[in-house]
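Data first, discussion second: the structure below is written as structure tokens.
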Amino acid sequence: MSTILKVKNLRKEFGGVVAVDDNTFSVQQGERLGIIGPNGAGKTTTFNMIAGYYKPTAGTIEYEGKRISGLKPHRISRMGIGRTFQIVRAFGELSVFDHVLTGVLAHELHFRPTPEQIEKAEQILELTKLNPFRDTLVKNLTIASQRRIELATALATKPRLLLLDELMAGLTFVEIDETLEELRKINEEMGITLIVVEHVMKAIMQLCQRIIVLNYGRIIAEGTPQEVANNKTVIEAYLGEEEKYA
Amino acid sequence: MEKTTLARGTSKTSLIRNGVIIAVILAVFIVIPQVTSEYVTYVVVLALIYAVLAGSYDILTGYTGPLTFCHGAFYGIGAYTSALLTLRAGFSFWLALPVSGITVFLFAALIGYPALRLRGHYFAVTTFFFGHFIYLVILNSVKLTSGPMGLRGIKAPESILGLNFSTLQGSYYLIFVFSIIIVVLLYLLVKSGIGRVFVSIRENEELAEAIGINTSFYKVLAFSIGAGVAGLMGSLFAHFFRLLHPTTFAWMTSEMVVIMALVGGLGTLIGPIIGAGIVTLILELMRFAPELRFIIWTVALIAVLVIEPRGLMGLIRRVKGGEK
Ligand SMILES: Nc1ncnc2c1ncn2[C@@H]1O[C@H](COP(=O)(O)OP(=O)(O)OP(=O)(O)O)[C@@H](O)[C@H]1O
Ligand SMILES: [Mg+2]
């Protein structure tokens with residue numbers, strides 16, 4: 001297995017606040033990695049640095065052996081890193097089909113979408129089960145559906161690495177199970193490496209092979225779901241509050 | 001299966017219907033200079049120029065998002081560039097026309113590249129002052145532009161293929177045909193993949209970046225295309241009226257373009273074009289009361305925006321019973 005992403009001494013400060021504190025970790029090709037941690041731990045900030053939205057204060061990010069820290073988001077997307085946002089972002093005035101097609105076109109712009117590109121958009125609608133909403137305007141759909149559309153549009157850009165920020169927030173248990181199955185498919189059948197930030201603990205424990213725990217911007221633990229769940233520091237820092245009241 | 005056949009059926013009848021509508025409109029425009037007075041012909045030329053200005057304005061503000069208030073300045077730069085190239089540098093109109101368009105396109109790219117880094121209101125306000133700045137430059141570069149005295153003696157387009165453009169009718173048809181070509185090109189642009197990219201930036205710039213769209217590049221492109229078209233129309237205007245005055249390109253003109261686009265409905269292309277026609281017509285009809293003209297007009301505009309902020313096209317959609 002080769003390394004797809006290498007993060008070295010990554011740091012981000014906002015004014016005086018250290019949001020991400022000298023973190024080093026790497027991600028293997030084909031892996032499903034989870035990142036967890038309490039609110040404000042620095043998960044989204046880490047994603048924003050990998051995807052090029054924030055410039056790191058210090059440290060480097062390497063993707064497929066090339067340094068990407070400092071590149072613009074669209075360049076990073078073109079290199080094969082897709083993402084979804086914690087706060088849903090969507091092209092509200094587009095139909096679901098056009099939304100996904102825009103993702104297909106974004107990397108390979110033709111004056112008119114080619115038949116292959118239309119076919120590709122159809123396939124993704126099929127895969128993400130968005131077919132019934134095909135012609136609905138995205139703005140008229142629920143937040144949960146818009147999240148799926150964001151995922152579908154990210155898939156349309158043919159990423160090799162996907163960063164998913166709280167994709168399952170606000171979903172019902174049934175929807176979470178469906179999403180988990182879908183993510184496994186994306187990972188195993190399409191060969192896309194996943195980094196997943198999630199507060200839904202059950203979901204991340206089921207999905208991920210390895211979990212990194214952040215607290216106050218620092219990695220405080222790393223290991224299999226089992227190891228992390230039994231880690232004393234994690235229980236103290238992260239689950240501790242619940243224990244107190246238990 | 002059934003749904004697609006149905007969709008195809010409707011699109012075929014609507015295709016025929018649209019074809020008929022377009023044919024009728026074209027026929028009306030073709031007979032106008034034959035059957036109406038010179039005055040009406042002049043007004044229609046002005047309406048055509050404004051229609052293309054408003055349509056090109058829609059490329060950035062309607063389709064891509066950022067609001068600008070300087071379209072009149074690009075129109076003016078095109079007009080003066082073309083006039084000066086023919087007057088001072090011996091260019092023929094047929095060379096000065098594309099050169100003015102390209103000059104304004106490049107100039108807008110130069111301005112747009114730094115300015116479009118500003119977000120929202122800051123960019124809009126910058127364009128407002130830029131527009132005013134250009135007006136002041138035209139007004140005060142007396143040696144070059146004759147300033148407030150106006151630039152006179154501009155040549156009519158040279159005749160080609162035996163067609164004479166120095167008559168009112170000749171230049172009418174020139175502007176008419178040219179406007180149609182530009183509108184068709186703009187239509188193809190907004191329906192193309194590039195048009196989809198523009199819309200994605202308008203809808204959500206951060207998501208557009210996340211899927212790999214170079215949003216700064218496409219914003220500058222949309223800005224420059226709109227400006228370039230305004231430059232071309234400026235050139236046509238200069239050689240049609242053959243007299244340029246700085247006030248033609250003052251903030252009122254920029255504002256008028258914004259109003260026309262709003263009245264018609266931003267982001268629809270056809271809306272701003274129709275809006276330009278309506279506004280020009282109303283302003284001409286109200287010439288009987290010059291003092292009241294702008295008061296009535298302003299009140300009417302506010303009423304339109306309160307009733308339907310998406311303009312005429314929004315109103316049509318609502319009447320057709322689509323969405324609220
Ligand atoms: N743009 C910003 N400007 C200033 N401070 C920021 C900014 N973005 C994040 N922060 C701060 O950085 C810290 C980490 O925030 P981040 O959003 O990365 O946390 P998170 O782990 O994603 O939390 P959550 O689970 O609530 O989403 C917080 O203290 C936050 O207030
Ligand atoms: Mg977050």
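Letters A, B, ... mirror the listed sequences (proteins, then strands); counts begin at 1.
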Please flag which part of A/I76 lies under 4.5 Å from any non-hydrogen atom of chain B: side chain, backbone, both or neither. neither
Do other residues, nucleotides or ligands put more than 12 heavy atoms under 6.0 Å from the CZ atom of A/R75? no
Atom NZ of A/K129 with >12 non-hydrogen neighbours under 6.0 angstrom: yes
What part of B/L188 is in contact with chain A, defined as an atom under 4.5 angstrom from a non-hydrogen atom: side chain, backbone, both or neither? both
Heavy atoms of other groups near A/R112 CZ, more than 12 under 6.0 Å: no
Between B/Y218 and chain A, with a heavy-atom cut-off of 4.5 Å, which part of the residue counts as in contact: side chain, backbone, both or neither? side chain
Side chain to side chain contact (heavy atoms under 4.5 Å, CB included) partner of B/V199, chosen from A/L94, A/D98, A/T102: A/L94
Around atom OH of B/Y113, are there more than 12 heavy atoms from other residues, nucleotides or ligands closer than 6.0 Å? no
For A/F14, I'd like to know if atom CZ has over 12 heavy atoms of other residues, nucleotides or ligands within 6.0 Å. yes
Rounded to the nearest 0.5 Å, what separates atom CD1 in B/I201 from atom CZ in A/F91? 9.0 Å
Option that, when pairs with chain B are counted at under 4.5 Å, heavy atom only, ranks first among A/L105, A/L101, A/L109, A/T153: A/L109
Has B/I21 got more than 12 heavy atoms of other residues, nucleotides or ligands less than 6.0 Å from its CD1? yes
Could you tell me which residues satisfy ring pair (Phe, Tyr, Trp, His ring centres under 6.0 Å) with A/Y53, sequence neighbours excluded, listed by chain and number? A/F85
Proximity of residues 202-215 of chain B to chain A, residues having a non-hydrogen atom under 4.5 angstrom: B/R202, B/E203, B/N204, B/E206, B/L207, B/A208, B/E209, B/A210, B/I211, B/G212, B/I213, B/N214
